[in-house]
Amino acid sequence: MIATVRTPLHRLVLGLVLGALVAASAPSFASAAPVRSFRPVAVRDGALLFTVRAIAPESVTRVRLVLGARTYPVSASVVRAALRRRGLVRARVVEATIARTNAAARRRAARLRVYLKPVKPVKPARRGTSRPAQTGDAAPAPAATTGAPARPAAPAPTPPTTGTKTTRTALATAPCDATWGTFSAANIPGACWRPYSDASPFNRPLPANPRLDPRSAEMAATMVGWGKPMDPYVGAADTASDWNHPIYFSSPTDPLFTVHCTKSWGTCEVEGMQVRIPDAARAAGGGDGHMAVIDQQGGWEYDFWQVQSKPQGGGQLTISWGGRTAVGTPDADGLGSDATAANFGLAAGVVRLPELQAGQINHALFMMIKCDGGGHVYPAVGNGSACGAGTVAPKEGARVFLDMSDDQIAALGLPTWKRAIVTALARYGAFVGDTGGSPWEIELESGSTYTSFGTPDPWVDFAKQQPGVTEWRGKYVLPFADAVDWGRYLRVADPCVSQGTC
């Protein structure tokens, strides 16, 4: 089944084998450089496995493996190589050492310490320094006009008066009353548009005081114990660091492709189907190679995983696996596709740039976590990589949310973009859709949605102007991990909430 390959070993391809470890403790190093510490995610085949994320490879100066009272040197160069491939760090050690780390308590005590160069924040760009302001630069999109809320719809968040900057990039976005079928690369949906119908679980707000999963506190404690969420980054379009979802809208004049799936896992839903895809459309450059194509005329969203070959002008589209889900119809729910572990559509829960520009997200989010609790709950129909015995974690399809009021969020004084994400997590929550995150993360729209057509990545222009954003080699990190007190507010809803039965 496809779930067996969407594990950290698939998502984060094994990156390195560490050299022989010294027998004695290495000398200590006095340094003012920042240090990141990572716990092993597993012990497998005589190796400790570490998930190392959100670090620029060139910022690594040295690495040390800490096992109990001993510290072992690790080659920084091979760690950098693993990070460039978003690799899972595989630390192979001698048998006597691995035997000691097989005990759960000792394994938890092991640490991979990564020493970094200081990273200086980029000063926010001033408006108007690159070009004159254009029509639509700062005009927020109207609130969504459709939906089936379980509680009264709240007004759009009011942007703070200080501490935030809006984007200079003028995207060609369609108005809220745009006719379905007119979307394209030159006319992308605005902030008020959301995929699927009002009845989709992704588009239904949480009720007041939603029932909690009986093990909500334990699940939240597990996630908080893993660490803070990963800060999303942009600027990775068309590179191997892009693990996000590009979304394209096709037209009847686009080239015709016949889909071929290469994995022998059973029946591939889209095998042999013919799909029109914009000629310039590209899959994300990371190992998942995701690509979503929305056929507005046929009413289908085609979701592809690991696009291997897409010839110019049409022909055979070779992928590892894929699926499709209805879109633009009254029964469209974004479920039952087959390009993520939970079988959600690739457009489901993705945060799009027009939404952050407007400061409003009117749907639930897509969440990826390090590992899940095994199995799935509604609305998921597929499984990811389980954490293993003894770990209480959310299952695929679990709805994680922030138990916060609008007033509590407003009191935080967050920049507009961050406030929009936190508000969405409080009003709608986030559905666990895949495993491999470090420790968990939300899904952004891939910049390839725009750069495939020759447009400079507008995500980069947006990020440059936000306070607190840091840059390294063209990638911009949006500081999200410290948005709220996760240990205080994180909850997991009972599956009956998403089903509408409680």
Between M404 and A426 the two heavy atoms that sit nearest each other are O-CB, 3.7 Å
Side chains of D434 and T340: do they bring a donor and an acceptor to under 3.5 Å? no
Specify the closest pair of heavy atoms between S448 and A283, including all atoms of both residues, with the distance to one decimal. OG-O, 4.5 Å
Will you find, in the side chains of H363 and E355, an N or O donor that is under 3.5 Å from an N or O acceptor? yes
Could you tell me whether the side chain of Q296 and the main chain of G181 form a donor-acceptor pair under 3.5 Å? yes
Looking only at side chains, do E301 and Y196 share a donor and an acceptor under 3.5 Å apart? yes
Mind listing the closest non-hydrogen atom pair of E445 and P354 along with its distance? OE1-CD, 4.4 Å
Residues which pass ring pair (Phe, Tyr, Trp, His ring centres under 6.0 Å) with F304, listed by chain and number, not counting sequence neighbours: none
Classify the ring geometry between W417 and F480 as parallel (under 30°), tilted (30 to 60°) or perpendicular (over 60°). tilted
Any idea which heavy atoms bring N187 and T173 closest together, and the distance? OD1-C, 3.9 Å
With a 3.5 Å distance limit and no angle check, can you tell me whether T391 reaches the backbone of C387 through a side-chain donor-acceptor pair? no
Is it the case that the side chain of R399 and the backbone of Y428 share a donor-acceptor pair, with hydrogens and angles ignored and the cut-off at 3.5 Å? yes
Just say parallel, tilted or perpendicular for the rings of F183 and W193, cut-offs at 30° and 60°. perpendicular
For Y248 and S452, test the side chains for any donor-to-acceptor distance below 3.5 angstrom and give the result as yes or no. yes
Could you tell me whether R491 and D403 make a salt bridge, using a distance below 4.0 angstrom between a side-chain N and a carboxylate O? yes
Aromatic ring proximity W226/W440, centre distance under 6.0 Å: no
Will you find, in the side chains of D406 and Q408, an N or O donor that is under 3.5 Å from an N or O acceptor? no
Are F202 and F344 an aromatic pair, judged by ring center distance below 6.0 Å? yes
Check for a donor-acceptor pair, side chain of R324 on one end and backbone N or O of G345 on the other, with a separation under 3.5 Å. no
Looking only at heavy atoms, which two atoms of P246 and A284 are closest? And how far apart? CG-N, 3.7 Å
Electrostatic pair K228:D482 at N-O distance under 4.0 angstrom: yes
Identify the residue among D242, V460, D457 that makes a side chain to side chain contact (heavy atoms under 4.5 Å, CB included) with T451. D457
Ring centroid separation F366 to H245 under 6.0 Å: yes
When rounded to the nearest 0.5 Å, the distance separating OG1 of T222 from NZ of K370 is 9.5 Å
Note: W243 and G287 closest approach over all heavy atoms is CH2-N, 3.4 Å
Is the backbone of T179 close enough, under 3.5 Å, to the side chain of T182 for a donor and an acceptor to pair up by distance? yes
Say whether D338 and N343, considering side chains only, have a donor N or O and an acceptor N or O under 3.5 Å apart. yes
Counting N and O atoms only, with roles assigned by atom type, does the side chain of E443 sit under 3.5 Å from a partner on the main chain of G349, one being a donor and the other an acceptor? no
